[in-house]
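Here it is, the structure in full.
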Amino acid sequence: MDITAISDISQDKVIDFFKQHWGSTEMVISSGIYDCSKLDGYAVLDSEKTVIGLITYIIINDTCEIISLDSTEENKGVGTSLIQAVERGALENECKYINLITTNDNLLALKFYQKRGYVLADLFRNAVGKARQLKPEIPFEGNDGIPIRDEIKLEKLLR
């Protein structure tokens, strides 16, 4: 699987990918408001150079925070490869922790990350309601008809 730094691919491809999957490049979560098209990250491209997976992150002090992870091809190792690339980069930058935030409805993400060594670290009740004030297009209902209300922080100790 060919993993490429986001900075090495067309900015238009990155922006189009986020618009297709999130409606915009903006991500509003408890830790801040981010333009994902401007963050560091990695992408997986298929044989036609189409983005099939993308991850973004920030590093602050000794912590790397994953801001977004999306894959258009499930169960093929795309997400795992992207996570591993970020974890390697976090270690190279002497990070001790890597964390991320997901929503209460995202059961697939909760399973995915826990299988890769991430643990539940914090719960932000009703955080999505606050995020909707800044990004009204966040849906009220998510996967499996579960109301989207809360954010869950997951964390992994790297050392």
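Quantities reported herein were computed from a predicted structural model and do not represent experimental measurements. No hydrogens, no waters, no symmetry mates; every other heavy atom, side chains included, goes into these values.
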Donor-acceptor under 3.5 Å (K153 side chain, N99 main chain):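 Here the side-chain-to-backbone pair does not exist.
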Check: K19 main-chain N/O paired with S24 side-chain donor or acceptor under 3.5 Å: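 Here the side-chain-to-backbone pair does not exist.
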Shared hydrophobic cluster, V78 / L69 (ILVMFWY, side-chain heavy atoms < 4.5 Å):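 Hydrophobic grouping puts V78 with L69.
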Pi-cation contact, F140 with R149 (under 6.0 Å, within 45°):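 No, R149 and F140 do not form such a contact.
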Closest contact, heavy atoms only, S30 versus I101: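 Between these two residues, the closest heavy atoms are CB-CD1, 4.0 Å.
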Expected output: side-chain D62 to main-chain C95 donor-acceptor under 3.5 Å: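 Absent.
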Test salt bridge (Lys or Arg N to Asp or Glu O under 4.0 Å) applied to K49 - qualifying residues, sequence neighbours left out: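 Scan of K49 (salt bridge (Lys or Arg N to Asp or Glu O under 4.0 Å), adjacent residues dropped) gives none.
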Side chain to side chain contact (heavy atoms under 4.5 Å, CB included) between I146 and N104, worked out: CA-CA 8 Å; I146 299 171; N104 62 285; 3.6 Å; yes
hydrophobic_cluster_shared for L100 and I67, side chain cutoff 4.5 Å: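 I67 does not cluster with L100.
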For the student: nearest non-hydrogen atoms of V51 and A43, plus distance: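 Taking every non-hydrogen atom into account, CG1-CB, 4.4 Å.
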ILVMFWY network linking Y118 to L120, side-chain heavy atoms under 4.5 angstrom: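 In one cluster: yes.
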Cluster link L39 to I15, ILVMFWY, side chain under 4.5 Å: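 No; I15 is not reachable from L39 via cluster members.
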Minimum-distance pair of heavy atoms, taken over all atoms of R132 and P139: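 Heavy-atom minimum between the residues: NH2-O, 2.7 Å.
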N61, CG atom: more than 12 neighbouring heavy atoms under 6.0 Å: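 No, the 6.0 Å shell around CG holds no more than 12 heavy atoms from other groups.
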Minimal non-hydrogen separation, S81 against I3, with atom names: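 The pair with the smallest heavy-atom distance is O-CD1, 3.4 Å.
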Any pair counted as ring-ring contact (aromatic ring centres under 6.0 Å, His included), so long as it reaches residues 12-61, sequence neighbours left out: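 Residue pairs with at least one partner in residues 12-61: F17-H21.
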Derivation of the side chain to side chain contact (heavy atoms under 4.5 Å, CB included) call for L107 and N143: CA-CA 8 Å; L107 303 179; N143 300 330; over 6 Å; no
Donor-acceptor pair, side chain of T50 and main chain of D46, under 3.5 angstrom: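 No: the side chain of T50 does not pair with the backbone of D46.
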hydrophobic_cluster_shared for I55 and L154, side chain cutoff 4.5 Å: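 Yes; tracing contacts between hydrophobic side chains, which count when under 4.5 Å, links both residues.
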Any donor-acceptor N/O pair, N93 side chain to G89 backbone, under 3.5 Å: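 The answer is yes, because a donor-acceptor pair under 3.5 Å joins these two groups.
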Any donor-acceptor N/O pair, N126 side chain to E151 backbone, under 3.5 Å: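 No, because the side chain of N126 does not come within donor-acceptor range (under 3.5 Å) of the backbone of E151.
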Distance, nearest 0.5 Å, that separates NZ of K13 from CG of L54: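 So the gap between those two atoms works out to 11.5 Å.
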Pair S37-D35, side-chain donor/acceptor within less than 3.5 Å: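 Yes.
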CG on L91 to SG on C64, rounded to 0.5 Å: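 The distance works out to 9.5 Å.
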I98 vs V86, side chain to side chain contact (heavy atoms under 4.5 Å, CB included): CA-CA, chis, key distance, verdict: CA-CA 9 Å; I98 188 162; V86 170; 3.6 Å; yes
Derivation of the side chain to side chain contact (heavy atoms under 4.5 Å, CB included) call for L45 and D2: CA-CA 7 Å; L45 307 177; D2 189 29; 5.7 Å; no
Side chains of E65 and S31, donor plus acceptor under 3.5 Å: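 S31 and E65 do have a side-chain donor-acceptor pair below 3.5 Å.
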Ion pair check, E87 and R116, cut-off under 4.0 Å: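 No, this pair does not count.
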